[in-house]
Amino acid sequence: MTTVSTKDDVRQSYGRRLEGRIAAVVGAGSGMGRAIALRFAAEGAHVVVADRDLDAARLTHEAILAGGGASQAVEVDATKEGDMRRMFDGVGKEHGRLHVLHNQVGGPSPIGYEVPEAEFDKAVALNMKSAFYGYSSAYDLLKKAEGKGSIVFTASTSALVGSPFSPLYSMVKSSLISFAKSVALFSAKDSVRANVICPGAVDTPMLSEFHAQVPGVPLDDVQRNFVSSIPLGRPARPEEIAGVAAFLACDDSSFVTGAVIPVDGGMVAR
């Protein structure tokens with residue numbers, strides 16, 4: 001994880017494309033979400049660091065402060081509409097508007113086709129309800145961003161090519177693609193953009209968790225075989241996903257909406 005020590009260092013590293021803007025990253029306590037929150041802050045945004053694990057959110061918040069940025073840590077269960085509405089009501093009272101909503105919440109789903117109903121419901125809540133509630137709860141604030149509103153969803157390459165182990169994971173992640181396109185069309189009248197990132201393998205704890213589910217194959221073998229399928233020969237770093245998120249959040253992508261961007265080292269190009 002890249003951190004910086006002063007505001008001058010931040011400007012030298014990235015510029016300030018989000019200067020003066022308010023960004024909320026839901027699921028910012030670790031991994032890609034933390035890297036995205038750090039990058040938004042490095043680009044000049046005040047970041048609402050939201051996570052169901054408040055201690056993890058505070059660690060991200062503290063890293064932002066250490067880098068000379070501005071943020072606040074918020075505890076939220078993104079699968080509960082009431083939680084999301086309370087959080088964005090607070091953002092509205094404090095800041096009056098929201099420029100960027102990044103929904104990072106998600107997680108691996110059970111493998112195979114025999115999935116207990118409770119696990120099915122959990123996968124839907126984590127990957128789908130969180131995205132919908134984030135959008136519906138934040139939309140009124142995004143409309144107040146004076147044409148600068150941007151929504152970024154995180155899906156997966158499994159939404160594009162299918163998961164050989166977890167059909168459920170592909171189902172819930174692929175729903176985000178059609179959802180983001182619909183949001184882009186619905187929100188265009190209010191000059192709010194919506195796009196979706198599809199990461200491939202990313203070097204976070206979730207990758208090992210997902211690989212460990214493959215039955216009958218040692219984890220080292222699964223990881224080695226998976227990396228060998230990536231044309232660039234390695235997993236992504238979380239900061240590389242954050243760079244694409246920052247592009248979609250800022251004015252450099254002001255005419256990009258409804259787009260689906262794989263960030264996968266060439267996997268889906270095969």
Side-chain angles (χ1 to χ4, degrees), residues 18 21-37 40-41 45-61 64 70-109 118 120-145 148-156 172-173 175-187 190 192-197 206 245 248-249:
L18 298 176
R21 300 189 190 183
I22 310 301
V25 181
V26 186
S30 63
M32 285 183 280
R34 177 172 290 175
I36 289 165
F40 286 177
H46 177 102
V47 184
V48 180
V49 177
D51 202 278
R52 65 183 178 184
D53 184 340
L54 183 57
D55 289 338
R58 284 172 173 161
L59 287 174
T60 302
H61 165 67
I64 289 172
S71 76
Q72 62 199 90
V74 179
E75 182 179 9
V76 66
D77 184 342
T79 68
K80 295 181 178 178
E81 183 180 16
D83 264 29
M84 294 291 269
R85 291 204 178 275
R86 280 190 293 274
M87 183 183 78
F88 285 112
D89 283 348
V91 173
K93 289 176 182 177
E94 185 167 354
H95 302 288
R97 66 201 186 283
L98 181 70
H99 298 89
V100 183
L101 168 64
H102 187 102
N103 185 80
Q104 183 60 40
V105 177
S109 302
F120 182 94
D121 291 344
K122 179 180 177 181
V124 169
L126 192 61
N127 294 282
M128 295 170 63
K129 288 174 69 175
S130 65
F132 187 87
Y133 290 154
Y135 168 62
S136 62
S137 300
Y139 190 56
D140 285 344
L141 292 175
L142 289 160
K143 290 193 294 184
K144 297 177 181 179
K148 305 294 186 182
S150 176
I151 306 167
V152 185
F153 300 102
T154 297
S156 168
V172 294
K173 285 301 189 184
S175 73
L176 296 181
I177 292 177
S178 56
F179 180 57
K181 290 181 177 181
S182 296
V183 167
L185 296 175
F186 180 85
S187 305
D190 295 311
V192 175
R193 300 182 294 111
N195 297 285
V196 59
I197 296 172
M206 181 179 157
L248 292 173

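- Of the options His95, Arg21, His99, a side-chain contact (heavy atoms from CB on, under 4.5 Å) to His46 is made by His95 and by none of the others.
- When each of Val76, Val26, Asp77 is checked for a side-chain contact (heavy atoms from CB on, under 4.5 Å) with Val105, only Val26 meets the rule.
- Surrounding NZ of Lys181 are at most 12 heavy atoms belonging to other residues, nucleotides or ligands under 6.0 Å away.
- In this structure, Phe179 and Phe132 have tilted ring planes: the angle between them lies in the 30° to 60° band.
- Between the side chains of Thr154 and His102, at least one donor N or O sits under 3.5 Å from an acceptor N or O.
- We find the OG-NZ distance between Ser187 and Lys143 to be 9.0 Å, quoted to the nearest 0.5 Å.
- Distance CG/Leu142 to CD1/Ile22: 12.0 Å, rounded to 0.5 Å.
- The distance from atom CD1 of Ile197 to atom CG of Leu176, rounded to the nearest 0.5 Å, is 12.0 Å.
- To the nearest 0.5 Å, atoms OG (Ser130) and CZ (Arg52) are separated by 10.0 Å.
- Screening residues 86-95 for salt bridge (charged side-chain N to carboxylate O under 4.0 Å, His left out), with sequence neighbours left out, gives Asp83-Arg86.
- Between Tyr135 and Phe186, the two ring planes are perpendicular [angle over 60°; tilted spans 30° to 60°].
- Separating the CD1 atom in Ile36 from the CG atom in Leu248 is a distance of 10.0 Å, to the nearest 0.5 Å.
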